[in-house]
Amino acid sequence: MTNEQIAQDLVSKFGEDKIYGIVENYGLLNVTTSVDTIVPLLHYLYQHPTFKFQFLTDLGGIHFPDAVGQELGVIYHLHSLENNVRLIIKLYVPIESPVVPTITKLYAAADWMEREAFDFYGILFEGHPNLKRILNTDDMDYHPMRKEYPMEDATRQDKIDALFGR
Amino acid sequence: MSDVALVSSPNVGIAKPEESKKYVNELTTLNLGPTHPATHGIFQNILTMDGETIIDSEQTVGYIHRAFEKIAERRPLYQITTLTDRMNYCSSPINNMGWHMTVEKLLGIEVPKRAQYMRVIMMELARIADHIICNSILAVDTGAMTGFLYVMQWRENIYEIYEELCGARLTTNMGRFGGMERDFSAEAIRKIKHFLSEFPKALREFESMVKRNRIFMDRTIGVGGISGERALNYGFTGPNLRAAGIDYDVRAMNPYSSYEDFEFDVPVGTTGDTYDRFLVRGEEMWQSLRIIQQAMDNLPEGPYHADAPHYYLPPKQEVYRNMEALIYHFKIVMGEIDAPVGEVYHSVEGGNGELGFYLVSDGGRTPYRLKFRRPCYIYYQAFPEMIKGSTLSDAIITMSSMNVIAGELDT
Amino acid sequence: MSDRTIKTVEAPQGLEGQGFFAAKLDDLVGLARANSLWPLPFATSCCGIEFMATMASHYDLARFGAERISFSARQADVLMVMGTIAKKMAPVVKQVYLQMAEPRWVMAVGACASSGGVFDTYSVLQGIDRIIPVDVYVPGCPPRPEQILDGFMQIQELAKTEQRRRRESPEYKALLNSYGIE
């Protein structure tokens, strides 16, 4: 089972307009998909008789402020433990309505990962059982991992200095 | 597209208390944490209890969220090593070297064999240090303080070996991109050999005290179990997954740093309960000793770092005397050297499971995005399911045997 | 073991005669307090692991009269804050401090507790002295156990020399008020 086989199978199943951006990074297959395909795609990969991508390694958000209409992204890392093949699936959503369907019904592990992506990037996972902030305080009013927000603590005065300043 | 049937994983979601069910007592709410001596870190669990039985629990995490991923977007690659130290601080060298290997993969640096073996030795020592803490604290939680004092002494010896390699005890910042910072000194080799010959005695003593101890067995067998299927669905990795009977070990499945050269077994449990987790960790320490022994016996001669002057920090003596070395030192430390464009994922078998680094580089001096796959964060969410229906004291030892490290969980 | 001499603390300055010893009450109380300080370990991250080493067999904090680790704030004398305190955690630290009875001392162990350390980020409290008064700062990331012991001995020194009425003084009240503690 090679990366080409997986890519070909996915394209023949879902069509070229749904599975695109197929690249191989350091031996790791990357595909990009659309918001409406992600849930059927993951279920298909989960149930596939040979692929068996039944382990969700990771899920994280990403922010590209310059990509208009595709500012926020979600990156899924899947692992087929039987075949020892990894797969990365990406999808992008506009920052005005960052709505992505949840995959917690398929993977229990996705629960906190999606909450983290919501906390950091404000990606809204539709159908998530408990979508609220996880690492930051509940009263925080922005999503800190977006590129426009500063890293530093705004309350700190002593580092504002001509010589040793930030 | 629509012909894909949607499956539901078994028993998804945590069951909430049912209204119709009759409870023996009036339900009480118990707040465990965020600062509590038995939680080994700062987590909050709000338990709904029926007498002594846990009906439901709600977790709150993030009490030491330090925004590692945000910092990583502002720091040159070298300065991120210090962040990885502070994730799973019980086994920092594994984190350091996992990060170094990720960057080496991106940069295409080939690490010499000797450095790979040295890394293996240090990573396995770190694994022993990690498992020592977990297992001895588990014993403390079941009431045996003595074992903790026995083996903590040996963790000090591991720290002394770290000190020979990098000068630090806990947050090691060990190694460099392309290899190790310095070769093993004669003293380091003596200390490792001493550890290899003497630690098994202490470990055997500890195990003989705890392993077949009636009290310990009664407290741990059948407590906090999870099936292999559920564990996979929850994204378990590492000893906790192997205790549930699934032999997934990154070292064996995707060998890195010459792990394919060594012979070792991957211990697995059957029921995934606290006792199995204890046994798997105990056996992994023996396997780690085996790996270290093999690596010490076959330690190849040769350079201990790659010839990559743009990324490998020059030795300090050179920096003081040699102009090129000074220039490279400055450029590397100040982050003047850009990383190539690329996306790379690399994972190592950390103390608690698959520790992954997903690095997206846009060609700048810092990563564009760095995502840490922290095993603790992912498997701790199964905790309510694992303690449901058990007693409060069982919940404590379940948590302690899962080895949840707050620093890694919250980054 | 028999050849080891047992070292006892020196008696404070005073007047000694047949069958009596007179000294200042401050000194005697200080002596007693300094040698039986009960620490409350508020360990959050890496420094907590070094505290474990400090407590365990090799370094043995118990030698300094801190045998009993008091996990209950009510009975503790020294609050040892070890590790990063995030803003989410800050109210908890303050609450624990408020629960402690006077006299109480606070020790900030490690760079994070002292100043935020390397984590100058939106989520980290930049030093616990922003919410509670601190007596001793121990630098290091993490400090070695010897440093933690040294910090503890500094606390002992403070306890030994403290004026008995200090905690009722207007200066101390003003200090607490500046942190919003009544």
Side-chain angles (χ1 to χ4, degrees), chain B residues 33-44 60-71 74-75 79 82-83 85-92 129-130 133 136-137 140 145-146 148-157 159-160 163 168-171 173 405-411, chain C residues 40-60 62 69-73 76 79 81-97 99 110-113 116-126 140-147:
Chain B
T35 166
H36 189 277
T39 55
H40 308 302
I42 37 178
F43 318 101
Q44 190 181 26
T60 314
V61 297
Y63 286 106
I64 57 163
H65 176 49
R66 291 168 285 186
F68 277 3
E69 289 175 5
K70 190 79 181 177
I71 302 176
R74 308 294 166 93
R75 295 271 180 270
Q79 297 181 10
T82 47
L83 295 181
D85 278 334
R86 286 154 185 79
M87 279 206 298
N88 184 349
Y89 31 73
C90 293
S91 52
S92 313
D130 192 282
I133 296 185
S136 63
I137 293 285
V140 171
M145 185 78 185
T146 331
F148 168 75
L149 295 174
Y150 279 7
V151 289
M152 280 307 257
Q153 191 64 30
W154 288 93
R155 201 187 61 148
E156 290 295 325
N157 288 38
Y159 282 174
E160 283 177 19
E163 282 182 313
R169 284 161 52 88
L170 191 68
T171 47
N173 200 5
I405 308 280
E408 182 177 271
L409 194 143
D410 291 339
T411 56
Chain C
L40 165 62
F42 196 93
T44 59
S45 53
C46 335
C47 296
I49 303 290
E50 280 300 60
F51 177 74
M52 260 162 71
T54 316
M55 217 176 58
S57 28
H58 200 93
Y59 293 98
D60 197 10
I69 305 292
S70 170
F71 284 110
S72 155
L79 174 64
V81 180
M82 293 165 280
T84 320
I85 301 297
K87 285 178 182 162
K88 202 171 181 176
M89 195 67 182
V92 183
V93 181
K94 186 153 186 175
Q95 194 184 354
V96 166
Y97 179 77
Q99 284 173 349
C112 290
V118 292
F119 303 111
D120 179 14
T121 62
Y122 58 84
S123 60
V124 176
L125 187 73
Q126 303 296 306
C141 189
R144 294 182 58 94
E146 291 94 328
Q147 280 173 278

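Chain A is the first sequence line, chain B the second, and so forth, proteins listed ahead of strands; every chain is numbered from 1. Both backbone and side-chain heavy atoms feed into the values below; hydrogens, waters and symmetry mates do not. Computed from a predicted structure; not experimentally measured.
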Approximate separation, where rounding is to 0.5 Å, of C/M52 CE and B/L170 CG: 10.0 Å

Approximate separation, where rounding is to 0.5 Å, of C/R144 CZ and B/R169 CZ: 5.0 Å

Rounded distance [0.5 Å steps], CD1 in B/I64 versus SG in C/C46: 7.0 Å

Side chain / backbone / both / neither for B/E408 at chain C, heavy atoms under 4.5 Å: neither

Test log, rule side-chain contact (heavy atoms from CB on, under 4.5 Å), inputs B/Q79 and C/V118: CA-CA 11 Å; B/Q79 297 181 10; C/V118 292; over 6 Å; no

Nearest-0.5 Å distance that lies between atom CD1 in C/I49 and atom CZ in B/R155: 6.5 Å

For chain B, which residues of residues 89-97 of chain C have heavy atoms nearer than 4.5 angstrom: C/M89, C/V92, C/V96

Region of B/V61 that comes under 4.5 Å of a non-hydrogen atom in chain C: backbone

Rounded distance (nearest 0.5 Å) linking atom CZ of B/R66 with atom CG of C/D120: 14.5 Å

Which atoms of C/C112 approach chain B - backbone, side chain, both or neither, heavy atom under 4.5 Å: neither

Listed partners of B/V140 passing side-chain contact (heavy atoms from CB on, under 4.5 Å), at least two apart: B/M145, B/F148

Region of B/A67 in contact with chain C, defined by heavy-atom distances below 4.5 Å: both

Side chains of B/Y159 and C/E50 in contact at under 4.5 Å (non-hydrogen atoms): yes

C/T44 side, atom OG1; B/I42 side, atom CD1 - distance, nearest 0.5 Å: 4.5 Å

Part of B/S92 lying under 4.5 Å from any heavy atom of chain C: neither

Engaged part of B/L149 at the chain C interface, taking heavy atoms whose separation is under 4.5 Å: both

Donor-acceptor contact below 3.5 Å, side chain C/S123 vs main chain B/H65: yes

Portion of B/I133 that has a non-hydrogen atom of chain C nearer than 4.5 angstrom: side chain

Which of B/Y63, B/Y150, B/Y89 touches chain C most, by non-hydrogen pairs under 4.5 Å: B/Y89

Heavy-atom contact with chain B under 4.5 Å, split by part of C/S45: both

